[in-house]
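First listed ligand is number 1; within each ligand, the first listed atom is number 1. Just so we're clear, the structure is a prediction, and the values are computed from it rather than from any experiment.
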Amino acid sequence: MTLCENSNCVPGFLLCLLFGVLPRVYSETLSLNGKWSLSNSNGSVLLPAEVPGCVHSALQKQGYIQDPYFRFNDVSYRWIAFDNWNYTTTFTVSTQLRSKQKVLLVFDGVDTIASIWLNGIGVGETDNMFQRYAFSVRDVLKDGDNVLKVSFLSPVLYASDQRRAHSAYRVPPDCPPDVQHGECHVNFIRKAQSSFSWDWGPSFPTMGLWRGVRLEAFDVLQLVLLSSVPLYSVSSSQWRVHVELHVDALQTTNGTISLSVPELESELIFQMQFLRGRTKKSFDLHINTSSEVKLWWPNGHGEQPSYLLTVGGFQDGFTILNTETKVYFRTVELVQEPVVGSPGLSFYFRINGKPIFLKGSNWIPAHSFQDRVTPDVLRDLLQSAVDANMNALRVWGGGVYEHDLFYSLCDEMGIMVWQDFMFACAMYPTDEDFLQTVREEVLHQVQRLKSHPSIIIWSGNNENEAALATNWFDIPESEKPTYLTDYVKLYVDNIRGIVQEEDQSRPFLVSSPTNGFESEQEGFVAKNPYDAHYGDTHFYTYTEDCLDWRTFPRTRFASEYGYQSWPSFSTLQPVSIEEDWSYNSPFFEHRQHHDSGNQQMLLQASLHFNLPNATDPHRRFTDTLYITQVMQAQCVKAQTEFYRRSRSEILEGKGGTMGALYWQLNDVWQAPSWSSIAFGGKWKMLHYFAQSFFSALLPVSFEDEGMLFIYAVSDLSHDLKLSAVVSVYDWSALDPVCTRRSESLLIPGGSAAAIFKQRVNPLLGGCGRCSRLTCLLAFHLEDSSGQRGPTNHHFLSSPKDAQGLQRPNITASVQEDKSLLTVTLHSSAVAPFVWLDVGNIPGRFSSNGFLMLSANTTVSFNAWRPTSAAELSKALAITSLADVY
Ligand code: BMA
């Protein structure tokens with residue numbers, strides 16, 4: 001029964017005074033985190049182990065194994081995941097805790113197949129890394145020592161047993177490609193799919209208690225979960241916060257509940273009855289229409305204000321519930337509607353009614369051993385995303401549903417999250433046991449995460465629609481219906497069903513890439529899920545010239561694309577020895593998990609750059625690492641700029657691109673990959689480039705049959721009158737040969753338009769003795785107040801053909817003023833891709849990998865630990881393109 005609603009009735013704190021509400025201890029918690037002991041199946045290994053943690057981390061910490069990431073250890077330590085392991089701890093409980101009516105043994109994450117024994121009695125079993133488990137144990141606890149044992153089965157053997165038991169038909173793929181040195185049948189176990197190896201990662205099938213363990217004891221009732229999802233009604237122009245309380249009541253309990261957002265003067269107080277057992281109660285707290293609700297915006301589009309929602313519950317003068325949570329207000333729509341001049345449908349996100357271009361990348365697990373993903377690791381990576389002007393990340397479906405902190409940080413930083421469910425690049429079984437564990441996983445994750453405004457979409461899987469449609473696994477045509485039925489059963493009937501029941505506040509997409517509504521029309525598996533007229537696309541090519549924009553799909557939304565590079569020497573050095581330091585070493589072969597990846601990088605680089613040929617082998621080696629990063633940065637830049645300039649154009653029915661999420665942001669270990677941030681946090685050249693190519697205002701160039709175009713791309717909310725300024729430089733001189741300026745043009749906020757158009761030959765002809773081989777272009781946008789946005793450049797030929805490009809003999813001096821470290825560079829010539837490397841001093845430069853067009857440039861270094869000008873100066877190495885020739 002509702003006593004009153006909104007602010008014109010009795011506020012909660014007054015209610016406390018009126019009813020004389022007192023806090024009473026109804027619940028007790030005992031953390032079981034910390035030191036446990038760990039043993040293998042025959043008892044030959046016995047050691048202390050940290051919880052949360054995993055077997056590999058414990059073995060390394062106790063000196064049983066070396067760093068698993070060192071050299072070939074991923075293969076040397078395969079045996080670990082073939083054994084069964086026991087985690088054991090002994091604890092005592094207070095009489096106060098034991099006197100409670102109910103005691104739960106709670107595991108926030110068990111990896112993965114385990115049976116749980118308390119004082120020798122089996123209390124539960126687990127089979128899903130992505131669930132939370134709670135077992136009732138009150139009657140098993142005793143005075144004195146209690147012994148808790150968690151027995152893990154080898155995930156590799158379990159997966160292969162499950163595969164064997166599934167005799168009716170194959171569920172491919174059986175095994176990963178040999179080049180990945182991985183384990184088989186990962187699709188039969190609900191565990192991070194990349195933990196059995198991936199094309200960027202090692203095989204470490206972990207086992208352990210990867211999140212917290214505790215006892216929760218209580219009388220009367222316990223709040224199991226609180227969620228709050230703001231919903232906006234267009235018809236009444238009113239917000240309401242949909243609040244759900246999941247309560248475990250030990251007896252039927254009557255109470256007075258209060259919900260309030262004090263800052264918005266909104267409150268709801270009512271009588272409530274909780275029936276015995278676990279129940280979910282839902283309430284709508286209507287927000288006063290007179291209150292001005294401040295909205296949550298993606299990074300670059302506004303602030304991320306939050307409000308506090310407080311929840312109280314009182315019974316007979318005692319507090320039975322007392323908690324608070326943050327609420328952020330925003331709406332999200334995925335717009336798929338007819339497009340003028342196109343046979344397809346649009347595909348873009350509207351946040352708070354505003355169409356937003358998603359700029360960002362794809363997130364993979366930050367470590368093979370999740371216990372090492374510390375708050376600092378998460379914070380640094382997400383801050384790096386924001387610092388590169390990203391507003392979105394896709395949590396890819398082959399890893400894990402991330403830690404709570406990940407999403408809280410995304411909320412605070414304005415990073416929109418495209419959240420996949422954890423299924424990737426495979427078919428999956430759909431027997432009842434498998435479906436049941438998936439249903440519980442999905443329910444748990446949606447309930448855990450739905451209050452986060454950062455999550456703007458749920459997506460069923462990674463590339464499984466495409467895998468079926470384009471037959472990755474050579475499934476005979478006659479057997480295809482079985483797999484189609486399984487596909488719909490898993491992602492549509494089960495996962496989508498649960499998500500839509502639990503969360504109406506954001507869209508659900510069955511797969512990525514997909515044609516969205518069009519895929520649904522075609523029975524959820526479209527003939528061509530990569531169709532650029534619909535939905536999102538993933539696009540990879542390694543052989544075609546990455547600087548030729550004609551090769552890119554003019555898609556509605558690019559959710560994956562990318563090129564590999566090697567990390568810097570300082571990232572590789574700790575996990576290798578001298579004999580590994582050459583591009584063709586066995587170590588370099590071993591670390592490369594993508595077939596022919598090392599050759600593809602050089603092939604792509606050689607299209608535009610001379611490959612390093614220094615006589616000193618170590619120099620040639622580090623130069624080669626450098627050139628792979630130059631190539632990757634240029635390739636992803638070219639493709640991203642193509643997507644950004646395509647936002648306002650529909651050509652031959654295609655375009656209107658509204659998202660560019662390159663593959664991939666981060667790394668799981670020190671290896672070649674598509675990442676822009678190397679393992680350990682060091683920015684590759686690509687990440688520095690992303691700062692520019694994702695900036696809110698960007699000039700983009702391209703040529704079409706000899707015509708040079710410059711587009712102004714704006715993600716701003718307001719219109720700007722801009723002109724483009726194009727300077728022609730000679731490769732052999734530091735001052736521009738000539739400069740051209742376009743007429744000024746009104747560029748509406750949230751659009752891209754051609755601002756400069758001229759044929760290249762007359763442009764050069766009017767500019768001294770310039771030719772395509774001797775000159776290059778630099779350009780920027782200006783309004784009446786001066787330059788707006790970054791300077792960009794346009795090569796008129798491949799840099800390897802450039803005439804006049806010289807070694808620039810760059811000299812540097814490092815200064816320290818208070819705590820600000822700056823590096824001043826002096827160059828004698830135009831220098832492309834100037835790369836400053838300070839080895840393993842952690843931190844980043846304000847700019848790096850840049851084109852140096854003036855004699856002097858100063859950049860600052862933001863150090864992530866205390867350092868000095870002297871240390872920096874000693875470590876500093878500078879490379880530019882001509883230095884590697
Ligand atoms: C896509 C991703 C990943 C993979 C990447 C690079 O397929 O979804 O599975 O790592 O491309 O190959």
Side-chain angles (χ1 to χ4, degrees), residues 172-173 175-182 186-187 192-203 360-366 368 392-400 418-428 459-473 491 509-514 529-530 535-544 546 552-553 555 557-567 591-601 604 628 632 635-636 639 659-669 671-679 684 686:
C175 299
D178 291 347
V179 66
Q180 289 179 201
H181 321 289
V186 72
N187 47 350
Q193 299 291 282
S194 59
S195 66
F196 279 35
S197 82
W198 212 261
D199 61 1
W200 36 256
S203 171
S361 186
N362 285 266
W363 173 276
I364 64 160
S368 293
L393 291 174
R394 171 170 172 252
V395 176
W396 165 79
V400 298
W418 173 312
Q419 179 66 50
D420 278 2
F421 286 93
M422 294 299 132
F423 302 86
C425 303
M427 303 291 103
Y428 285 87
S459 178
N461 65 70
N462 174 71
E463 298 186 341
N464 296 350
E465 180 184 345
L468 251 181
T470 58
N471 204 6
W472 292 4
F473 306 121
Y491 304 111
L509 208 57
V510 183
S511 187
S512 172
T514 181
Y530 298 99
D536 64 329
T537 56
H538 296 186
F539 176 77
Y540 295 93
T541 173
Y542 303 109
T543 45
E544 282 164 290
C546 78
F552 308 137
T555 174
F557 193 106
S559 45
E560 274 192 29
Y561 56 98
Y563 298 84
Q564 278 200 338
S565 73
W566 276 88
R591 272 335 232 221
Q592 175 56 267
H593 282 196
H594 168 65
D595 194 24
S596 309
N598 289 349
Q599 293 82 333
Q600 285 166 353
M601 275 183 262
Q604 184 61 247
T628 67
Q632 179 198 32
C635 289
V636 177
Q639 201 166 344
L661 308 180
Y662 65 76
W663 185 265
Q664 70 203 65
L665 180 77
N666 54 322
D667 262 339
V668 73
W669 71 336
S673 86
W674 296 257
S675 78
S676 60
I677 304 176
F679 180 82
K684 291 178 172 177
L686 170 57

Subject >> Side chains of Glu465 and Ser511, donor plus acceptor under 3.5 Å >> reply: no
Original post:
For atom 2 (C) of ligand 1, which protein heavy atom lies nearest, and how many Å away is it?
Top reply: Glu560 OE1, 3.1 Å
Original post:
What is the nearest protein non-hydrogen atom to atom 7 (O) of ligand 1, stated with its residue, atom name and distance?
Top reply: Glu463 OE1, 2.7 Å
**OP:** Tell me whether the centres of the aromatic rings in Trp396 and Trp200 are closer together than 6.0 Å.
**Re:** yes
Original post:
Starting from atom 11 (O) of ligand 1, which protein heavy atom do you reach first, and at what distance in Å?
Top reply: Tyr540 OH, 3.2 Å
Original post:
Do Asp199 and Trp674 come within less than 4.5 Å of each other through their side chains, counting heavy atoms only?
Top reply: yes
Original post:
Which ligand 1 atoms are under 4.0 Å away from a heavy-atom of Asn462?
Top reply: 8 (O), 9 (O)
Original post:
Are Trp472 and Thr470 linked by a side-chain donor-acceptor pair shorter than 3.5 Å?
Top reply: yes
**OP:** Return the residue, atom name and 0.1 Å-rounded distance of the protein heavy atom closest to atom 5 (C) of ligand 1.
**Re:** Trp663 NE1, 3.5 Å
Original post:
Below 4.0 Å from any atom of ligand 1, is there a heavy atom belonging to Cys425?
Top reply: yes
Original post:
Will you find, in the side chains of Trp566 and Asn598, an N or O donor that is under 3.5 Å from an N or O acceptor?
Top reply: yes
Subject >> Near-ring test Phe423/Tyr491, centroid separation under 6.0 angstrom >> reply: yes
Original post:
Do you see a donor-acceptor pair shorter than 3.5 Å between the side chains of Gln564 and His594?
Top reply: no
Original post:
Which is it for Gln664 and ligand 1 at heavy atoms under 4.0 Å: side chain, backbone, both or neither?
Top reply: neither
**OP:** Answer yes or no for His538: is there a heavy-atom contact with ligand 1 below 4.0 Å?
**Re:** no
**OP:** Take Trp663 and Ile364 through the test side-chain contact (heavy atoms from CB on, under 4.5 Å) and record every step on the way to the result.
**Re:** CA-CA 10 Å; Trp663 185 265; Ile364 64 160; 3.8 Å; yes
Original post:
Which residue supplies the protein heavy atom nearest to atom 9 (O) of ligand 1, what is that atom called, and how far is it?
Top reply: Trp198 NE1, 3.0 Å
**OP:** Output the list of atoms in ligand 1 that are nearer than 4.0 Å to some heavy atom of Trp200, sorted by atom number.
**Re:** 10 (O)
Original post:
So which heavy atom in the protein is nearest atom 12 (O) of ligand 1, and how far is it from that ligand atom?
Top reply: Asp199 OD2, 2.5 Å
